[in-house]
Amino acid sequence: MSVESTPVLSRPAEHVAFIELNRPANANRIQPDDLAELERLLDQCEVDEQVHVLILTGRGKYFSAGYDLRALASGVGVNQRSHEGDDSAFEHVANRLESTRLITIAAINGPVIGGATDFALACDLRLGEESAYMLMPAARFGLPLYAGALQRYVSRLGLSHAKRLVFMAEKVPATDMLATGFLHEILPADALLARALAVGVDIAAMPSRPLAAMKQVLNAAAYGQGTAPDQRAALLAAYDGPAIAERAMAAQRQRASR
């Protein structure tokens, strides 16, 4: 039986890191210690130039049931500031997942609830198993979501879907998650992690700097900020004409040899 602990980092393939939420007996509910550890693991992956792709998943039957609201009774709130600035500890980690140079994949192995939905939406790609569902119950508890989560709901899913999911606070099955854009693919449970790893390996084989630059601009465009000079500069800095031509010719030679 898995021991309850903070998230676990592994390296299943070259240039690919794997983070597992590791409280399966508690539906992988996020504890304050988990937020600190997730940020530490993100730091570790980002400074390692050999890591290009990060896969986030949960151990057991849940991706995550979100923040453990029992912590509210002890005075540790999901919106409590633990960093300089206005963001909460939870929002800070979600923002880090969104802005990291790494290409991120959420392998949603079961229900994804509450703030964990924002962790998933902060990832670049989301794959889910057939039995997965999402639920955002915050409104039922009178808990106002932090701004970053609401912005990601709108930018990823559109305002109409975002309002439905937040205001109706009902379970949404995997098929509807796919239809709204919450998921990019639905897989059988026994195929999910293998597919996530295969996608990760494929992306990790691509030149990482152009990917990171395009990710930066795509994310900015989602918030109506896609033409800023620093974003154009990032794309220009990632451009290497000779290297691009060499890769294109190598691909052409490979196709011709088949």
Side-chain angles (χ1 to χ4, degrees), residues 6-21 34-57 82-85 87-108 115-127 146-149 151-152 155-156 184 195-244 246-247:
T6 51
V8 176
L9 175 67
S10 61
R11 294 283 296 274
E14 186 177 13
H15 304 311
V16 178
F18 199 80
I19 293 179
E20 296 174 279
L21 302 174
D34 297 327
L35 296 173
E37 182 65 4
L38 281 168
E39 186 165 8
R40 189 188 72 80
L41 295 178
L42 276 168
D43 288 341
Q44 183 177 330
C45 291
E46 285 180 335
V47 299
D48 186 345
E49 294 183 357
Q50 294 304 306
V51 178
H52 302 167
V53 173
L54 173 64
I55 299 172
L56 178 66
T57 192
S82 62
H83 299 269
E84 293 182 0
D87 56 351
S88 69
F90 205 101
E91 183 176 11
H92 186 83
V93 174
N95 290 345
R96 286 287 310 277
L97 281 169
E98 180 179 44
S99 63
T100 178
R101 67 167 180 84
L102 307 168
I103 303 302
T104 51
I105 301 170
I108 300 174
T117 63
D118 189 37
F119 278 6
L121 289 173
C123 291
D124 299 308
L125 297 170
R126 293 170 295 280
L127 313 180
Y146 51 85
Q151 289 167 353
R152 272 182 282 273
S155 66
R156 272 55 168 181
H184 295 102
R195 173 60 176 160
L197 183 57
V199 171
V201 168
D202 189 40
I203 293 173
M206 302 178 192
S208 61
R209 193 174 182 189
L211 282 177
M214 289 189 288
K215 171 177 175 171
Q216 176 184 337
V217 176
L218 284 168
N219 283 348
Y223 300 115
Q225 303 167 345
T227 59
D230 59 333
Q231 291 149 14
R232 293 180 179 274
L235 292 171
L236 183 60
Y239 180 84
D240 185 339
I244 295 168
E246 182 179 344
R247 294 184 197 109

Lys215 side chain near Arg101 side chain, heavy-atom distance below 4.5 Å: no
Do Val53 and Ile105 touch side chain to side chain, with heavy atoms closer than 4.5 Å? yes
Does the side chain of Cys45 reach to within under 4.5 Å of the side chain of Leu102, using non-hydrogen atoms? yes
Report the relative orientation of the aromatic rings in His15 and His52; use parallel for angles under 30°, tilted for 30 to 60°, perpendicular for over 60°. parallel
Could you go through Arg152 and Glu98, starting from their C-alpha distance and side-chain angles, then the distance that decides it, and tell me whether this counts as salt bridge (charged side-chain N to carboxylate O under 4.0 Å, His left out)? CA-CA 9 Å; Arg152 272 182 282 273; Glu98 180 179 44; 2.8 Å; yes
So, Glu246 side chain and Gly241 main chain: donor-acceptor pair closer than 3.5 Å or not? no
Side-chain (Gln231) to main-chain (Val217) donor-acceptor, under 3.5 angstrom: no
Are the side chains of Leu54 and Ile103 in touch, meaning some heavy atoms are under 4.5 Å apart? no
side-chain contact (heavy atoms from CB on, under 4.5 Å) partners for Ala198, two or more places apart: none
Min side-chain heavy-atom separation Phe18-Leu197 under 4.5 Å: no
side-chain contact (heavy atoms from CB on, under 4.5 Å) involving Gln44 - partner list, sequence neighbours excluded: Leu9, Arg40, Leu41
Do the side chains of Thr57 and Leu21 get nearer than 4.5 Å, heavy atoms only? no
Do Thr100 and Glu46 get their side chains close enough for a donor-acceptor pair, meaning under 3.5 Å? yes
Kindly indicate whether the side chain of Leu127, heavy atoms from C-beta on, has any atom under 4.5 Å from the side chain of Ile108. no
Is the closest basic N to carboxylate O distance between Arg96 and Asp43 below 4.0 Å? yes
Do you see a donor-acceptor pair shorter than 3.5 Å between the side chains of Thr104 and Asp124? yes
Does any non-hydrogen side-chain atom of Leu97 lie less than 4.5 Å from one of Leu56? yes
Between Asp48 and Arg11, does a salt bridge (charged side-chain N to carboxylate O under 4.0 Å, His left out) hold up when you go through it step by step? CA-CA 12 Å; Asp48 186 345; Arg11 294 283 296 274; 3.2 Å; yes
